[in-house]
Amino acid sequence: MALLIDGKRISAEIKDETKAKVAELKEQGVEISLAVVQVGDNPASCVYVRNKKKACEYVGIKSVSHELPEETTEEELLNLIEELNNDDTINGILVQLPLPKHMDENKVIDAISPYKDVDGFHLMNVGALSTGQKGFVSCTPYGIIQLLKRSNIEIAGKHCVVIGRSNIVGKPMSMLLLRENGTVTVVHSKTQNMKEITKQADILVVAIGKPKFVDDTFIKEGAVVIDVGINRDEDNKICGDVDFEKVEPKTSAITPVPGGVGPMTIAMLMNNCLESYYLCKAKTTK
Ligand code: GUN
């Protein structure tokens, strides 16, 4: 039987650890706050933003909401970000993606102070991760490292294969696995002979965004499989990028969907908000 990697339990553990540290700071008169900016009313974004605010409430972090209409201009959004950058009562800034089509997402992300970029999307934080320096790390891949570590799964020396090369998951995932001394291969939609490569994986991270894309023919016996996907199957049931029924018997450990990677993203966001306090402090006391 494969070990079922329990993202619900591990994310609750991390949120509780963060909650305890936030409470300690509160006793010293410090309040941590996160500005949550949403432009338009994309239904999926509304759900994510609501859940992020709920987590803030649970952990004791103050969330300050900025809900802007779809027609907001890029300049107006950049002005708000500038205000939040200069506001000493705000530790973290999160701009929910995707943004409306008339905005340049990269320009908006890079306008956020890298010291408040709790998503870890700013060029400086991406560069810091690539060069092994301190900075914010993108929440989903950071959460996956926590899932592996807290399940006592060794990364060092293992062949880690990442399916997908997005800026939010695939690329930072590969950097993090490398930082943990894994041997890393990234495959993607244009890769030839993908299965030949995935069948060599000791740890396989799947973030390709296609329901049940990975079946047992992609897997080496005893591999660890991490499924980042959240999709709907033909019966409108939530499923991952991995065909769980077919793959699970071949693995030594696997994440379920839901209840695997999903809850980790918000837990790591809470962790990054706490981290933003220390980073801002380090910056101002230099
Ligand atoms: N949209 C989908 N995932 C994310 C995320 O992790 N952060 C932000 N800001 N937007 C997202």
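When a ligand or atom number is given, it counts from 1 through the structure's own listing order. In this text, all values refer to a predicted model and were calculated from it rather than measured experimentally.
Inside a 4.0 Å radius of atom 1 (N) of ligand 1 there is at least one protein heavy atom.
For the pair Tyr48 and ligand 1, no heavy-atom separation below 4.0 Å is found. At a 4.0 Å cut-off, not a single heavy atom of Gln38 sits close enough to ligand 1 to count as contact.
Ranking protein heavy atoms by distance to atom 10 (N) of ligand 1, first place goes to Leu97 N, 3.0 Å. Of all protein heavy atoms, the one closest to atom 4 (C) of ligand 1 is Gln96 NE2, 4.1 Å. Scanning the protein heavy atoms around atom 7 (N) of ligand 1, the nearest turns out to be Asp119 OD1, 3.1 Å.
Close approach of ligand 1 to Lys52 (heavy-atom distance below 4.0 Å) involves ligand atoms 5 (C), 7 (N), 8 (C).
For Asp241 and Lys212, the salt-bridge test fails: no basic side-chain N is under 4.0 Å from an acidic carboxylate O.
A donor-acceptor contact closer than 3.5 angstrom links the side chains of Ser65 and Lys53. Between the side chains of Lys171 and Ser166, no donor-acceptor pair of N or O atoms lies under 3.5 Å. A side-chain N or O of Thr131 and one of Gln133 form a donor-acceptor pair less than 3.5 Å apart. No side-chain donor from either of Asn125 and Tyr115 sits under 3.5 Å from a side-chain acceptor of the other.
Within the 4.0 Å heavy-atom criterion, neither part of Glu105 lies near ligand 1. Counting heavy atoms under 4.0 Å from ligand 1, residue Thr140 does not touch it at all.
Lys220 and Ala201 get closest at one heavy-atom pair: CE-O, 3.7 Å.
Crowding of Glu70 atom CD: a count of heavy atoms from other residues, nucleotides or ligands under 6.0 Å exceeding 12.
Taking distance alone, with nitrogen or oxygen atoms compared against 3.5 Å, Val95 approaches ligand 1 more closely than that limit.
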